[in-house]
Amino acid sequence: MTEVDPVLQADARWQLIERIIASPPFQKSARLRDLLCFLAERTIHGQLQDLSEHRIGSAVFGKAQDYSVVEDSSVRVHVRQLRLKLHEYFDGEGRGESVVVEIPKGAYTTLFRNSGHEAVAEPVATGPDLISWIRLLPWALATIFLITTLAAWFRRPPIPPPPWPLAALFDSSNQPVQVVVADINYGMTRLVDEQPVTLEQYLSPSYRSGAAFTTPHPTARDVRVNKYLSGSLLTSYADVVVVDTLLRLSGNSSDRLAVRSARELRPRDLEQGAFVFIGSPSSNPWVSYFQDKLNFQEREGVVGESLKFFQNQHPKPGEQATYQGLDFTGSSGEDYATISLLPLANGRGSVLILQGLQQEGTEAAGLFVADASNRQKLQDALGFSGSPTQPVYFEALIRTQAVAGAPNATSIVATRVIHS
């Protein structure tokens, strides 16, 4: 931190900040000390325009000026940790302070409020007792209201942690969990070009520019369509539903979810961390990166003409060799999806994949993990219960009955335990 100016140094609020950052709860984290000093200094000086998430990330965490707060949730994660450390200080060493420091939820300003430890002079009677009681009545009612509000606050039910299997992605490092949604334009490009696309092709500059299309004699209209498909970012309604489901399931850890498009990811990003991939290889090409670890693999014949299906690589007794889904999104009938929890190749993270043959299957996979009874059925099928201390890697094939684009009546078809 830079040298503090004399005016700030003489401010009682800043002196309190200095006592806080010198206390034991803050000794192990220079980053939290810098963060608290930055927020407090800007608040005291009235420079509230500097208290945006992007500005804090650049000034305190050294982020690039063009970094995305959607992809990088480190500021929100550290502010949440700062709130906990402030509670720890004022519950311990700082419980005798006359002023309490808070960072209100949903904001980055620093709030200095009286703790209520100051002595309060007794009111001097200036008239009959009845008049005194009338004057005190509003204060008494306000006190009662405050006490009941605080009681209701502290008695509110705690927000549960993320349930299994989502819990396997949240570790003590407080690193973000990256949710990678499907690239619908990639899926449309495959249909327009009637050609499969590998992950390597998807990452190539020629594909991103639209120059990789194989149409022999493209018209001006073809060129415009290709340019739009290769240059814009769109995802599906099913992916939005699944993201919303994951946010609700994450509870008080939801600020650690960072949503990204498949087009924004790079292979180096997969060296470590926690990821959720939404969609199958025909809509999210990154899922193909993990295909060799899966027993149920998406297949299709002629792109745009043949129905997609899951190939059962090693059928068990009573299982089918293939499971065919809907003709197309929006139709009625059976669709299939898989829910898979896998380790990264180097063991430095975990990946949750929710993929359906059509959008109905993908949406059904997200809704399946949101239902407690379904999660219990899945644990029973895998042969364990409770919250495992070590990740249980698995793959589950589920079937859903879709009616006019809406999935329902989802059931487990087959499961596999994956040994890392």
Side-chain angles (χ1 to χ4, degrees), residues 1-63 69 72-121 139 142-143 145-156 158-159 172-174 251-256:
M1 296 294 292
T2 57
E3 184 178 350
V4 180
D5 66 78
V7 175
L8 188 63
Q9 195 72 49
D11 193 300
R13 294 170 295 178
W14 184 256
Q15 294 168 9
L16 172 57
I17 296 297
E18 291 184 323
R19 290 196 296 274
I20 294 173
I21 63 175
S23 66
F26 284 81
Q27 288 311 295
K28 293 183 180 180
S29 178
R31 184 62 58 84
L32 290 183
R33 295 197 299 270
D34 291 346
L35 177 59
L36 177 58
C37 288
F38 180 84
L39 300 181
E41 181 181 0
R42 293 304 191 274
T43 300
I44 293 173
H45 282 319
Q47 299 170 343
L48 303 185
Q49 72 278 5
D50 287 343
L51 297 181
S52 67
E53 182 175 350
H54 189 277
R55 174 62 180 147
I56 295 168
S58 299
V60 180
F61 297 91
K63 306 290 184 183
V69 297
D72 189 337
S73 62
S74 56
V75 172
R76 299 190 296 276
V77 170
H78 280 83
V79 169
R80 181 172 174 269
Q81 293 175 337
L82 178 58
R83 293 189 183 104
L84 296 176
K85 290 297 182 183
L86 287 173
H87 282 301
E88 184 178 345
Y89 173 78
F90 287 105
D91 285 342
E93 181 178 331
R95 61 182 175 273
E97 296 281 6
S98 61
V99 174
V100 173
V101 177
E102 296 176 344
I103 310 296
K105 285 192 175 183
Y108 298 114
T109 55
T110 307
L111 176 64
F112 298 88
R113 66 170 180 82
N114 291 332
S115 65
H117 291 157
E118 305 93 329
V120 180
W139 298 102
T143 302
F145 175 78
L146 177 61
I147 292 172
T148 55
T149 301
L150 290 175
W153 172 268
F154 286 110
R155 291 181 60 185
R156 64 176 180 165
I159 300 175
S172 58
S173 67
N174 284 325
N252 53 14
S253 298
S254 60
D255 57 355
R256 290 176 57 185

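Not measured: the values here are computed from a predicted model.
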What's the separation between atom [atom1] in [X] and atom [atom2] in [Y], rounded to the nearest 0.5 Å?
X: L36; Y: I17; atom1: CG; atom2: CD1; result: 4.5 Å
X: E53; Y: D72; atom1: CD; atom2: CG; result: 8.5 Å
X: L8; Y: I44; atom1: CG; atom2: CD1; result: 5.0 Å
X: T43; Y: D50; atom1: OG1; atom2: CG; result: 10.0 Å

Taking all non-hydrogen atoms of both residues into account, name the closest pair between [X] and [Y] and its distance.
X: E93; Y: S23; value: OE1-CB, 3.6 Å
X: H78; Y: L32; value: O-CD2, 3.4 Å
X: K63; Y: S74; value: CE-OG, 3.3 Å
X: V101; Y: L86; value: O-CD1, 3.9 Å
X: D255; Y: R80; value: OD2-CD, 3.3 Å
X: F112; Y: V99; value: CB-CG1, 3.9 Å

Hey, is the main chain of [Y] close enough, under 3.5 Å, to the side chain of [X] for a donor-acceptor pair?
X: R33; Y: F26; answer: yes
X: S73; Y: R76; answer: no
X: S254; Y: G251; answer: yes
X: Q27; Y: I21; answer: yes
X: R83; Y: E102; answer: no

Tell me, with the steps shown, if F61 and D34 meet side chain to side chain contact (heavy atoms under 4.5 Å, CB included).
CA-CA 9 Å; F61 297 91; D34 291 346; over 6 Å; no
Could you give me the CA-CA distance, side-chain angles and deciding distance for Q9 and E18, then say whether side chain to side chain contact (heavy atoms under 4.5 Å, CB included) is met?
CA-CA 9 Å; Q9 195 72 49; E18 291 184 323; 2.8 Å; yes
Answer whether the closest heavy-atom distance between the side chains of [X] and [Y] falls below 4.5 Å.
X: L16; Y: R19; answer: yes
X: C37; Y: W14; answer: yes
X: V69; Y: V75; answer: no

Given L39 and I56, is the side chain to side chain contact (heavy atoms under 4.5 Å, CB included) satisfied, shown in steps?
CA-CA 8 Å; L39 300 181; I56 295 168; 3.6 Å; yes
Would E41 and T110 count as a side chain to side chain contact (heavy atoms under 4.5 Å, CB included) if you check the C-alpha gap in whole Å, the side-chain angles of each, and the deciding distance to 0.1 Å?
CA-CA 9 Å; E41 181 181 0; T110 307; over 6 Å; no
Taking atom NE2 of H87 as the centre, does the number of heavy atoms from other residues, nucleotides or ligands within less than 6.0 Å exceed 12?
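Count not over threshold, so no.
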